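In this chain, numbering begins with 1 at the start of the sequence shown. Values in this document were obtained by computation on a predicted structure and should not be read as measured data.
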Amino acid sequence: MPDVKNKRVSKALTAAFVRTVKERGKYHDGGGLGLFLRVEPNGTKFWVQRITIRGKRRELGLGSHPLVSLANAREILTFADATRRVHEIHRPSWRNEKHANDFINSLIAYAIPRIGDVRVSDVDSADVLSVLQPIWLEK
């Protein structure tokens with residue numbers, strides 16, 4: 001049973017806990033995948049995965065509970081899924097639509113064919129190198 005007072009658990013959440021928890025907070029799922037359940041003051045629950053982009057922590061929303069079950073939330077995003085979500089989050093920050101399109105189209109052309117099916121939590125520096133090496137001098 002997760003420690004509700006500390007809200008940080010070292011072992012995995014259970015479906016029963018997720019269904020019944022009402023206290024506001026973040027409830028981390030064990031396993032080191034960066035998955036947690038966020039419970040809002042009004043009782044709304046939703047899944048979030050914490051990832052790091054350019055050295056900064058980001059949180060990707062995976063959907064609300066019960067629409068997204070614990071089992072589905074644990075099926076961590078692939079690189080392709082995360083790429084599309086991050087692009088949508090940051091789309092307003094680009095100077096214009098062309099820059100936003102160039103960003104996602106470059107990832108679709110070069111990164112997604114090589115590592116698109118890899119879970120975000122499994123992407124490592126060798127994967128990044130496998131994307132950049134062939135195009136480094138050319139592009």
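A salt bridge (Lys or Arg N to Asp or Glu O under 4.0 Å) check over residues 102-113, counting only residues at least two apart or in different chains, returns the pairs Lys98-Asp102.
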Given the rule in the side-chain contact (heavy atoms from CB on, under 4.5 Å) test, do Asp29 and Trp47 qualify, once you have shown the distances and angles that lead to the verdict?
CA-CA 10 Å; Asp29 193 27; Trp47 296 106; 5.6 Å; no
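Interatomic distance, Thr14 OG1 to Arg19 CZ, rounded to the nearest 0.5 Å: 8.0 Å. Once rounded to the nearest 0.5 Å, the distance linking NZ of Lys22 with NZ of Lys45 reads 5.5 Å. The CZ atom of Arg119 lies 9.0 Å from the CD atom of Gln49; values are rounded to the nearest 0.5 Å.
Partners of Glu88 by salt bridge (charged side-chain N to carboxylate O under 4.0 Å, His left out), not counting sequence neighbours, listed by chain and number: Arg91. Judged as a side chain to side chain contact (heavy atoms under 4.5 Å, CB included), and not counting sequence neighbours, Asp117 has no contacts. Looking at residues two or more places apart in sequence or on another chain, you find no salt bridge (charged side-chain N to carboxylate O under 4.0 Å, His left out) involving Glu40. Taking the side chain to side chain contact (heavy atoms under 4.5 Å, CB included) definition, one finds that Ile89 meets it with Leu60, sequence neighbours left out. Residues satisfying the salt bridge (charged side-chain N to carboxylate O under 4.0 Å, His left out) test with Asp127, not counting sequence neighbours, are none. Under the salt bridge (charged side-chain N to carboxylate O under 4.0 Å, His left out) criterion, Arg38 pairs with Glu59, sequence neighbours left out. Taking the side chain to side chain contact (heavy atoms under 4.5 Å, CB included) definition, one finds that Leu132 meets it with Val128, Trp136, sequence neighbours left out. Remark: His87 pairs with Trp94 by the ring pair (Phe, Tyr, Trp, His ring centres under 6.0 Å) rule, at least two apart or across chains. Under the side chain to side chain contact (heavy atoms under 4.5 Å, CB included) criterion, Thr83 pairs with Phe79, Ile104, Leu107, Ile112, sequence neighbours left out.
Proximity of Phe103 to Val86: side-chain heavy atoms (C-beta onward) are nowhere separated by under 4.5 Å. At a threshold of 4.5 Å between non-hydrogen side-chain atoms, the residues Leu62 and Leu35 count as touching.
Its side chain within the 4.5 Å cluster rule, Phe36 clusters with Phe46, Val48 among the Ile, Leu, Val, Met, Phe, Trp and Tyr residues.
Between Leu129 and Pro134, the shortest heavy-atom distance links the atoms O-CD, 4.3 Å. The two residues Pro113 and Ala109 make their nearest non-hydrogen contact at CG-O, 3.5 Å. Taking all atoms of both residues into account, the shortest heavy-atom contact from Tyr27 to Leu13 is O-CD1, 3.6 Å.
Judged by distance alone, the side chain of Arg114 and the main-chain N or O of Tyr110 form no donor-acceptor pair under 3.5 Å.
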Could you pull out all donor-acceptor pairs under 3.5 Å where a side-chain atom in residues 63-72 meets a protein atom, sequence neighbours excluded?
from  : atom 1 : to    : atom 2 : distance (Å)
Ser69 : OG     : Asn72 : N      : 3.1
Ser69 : OG     : Asn72 : ND2    : 3.4

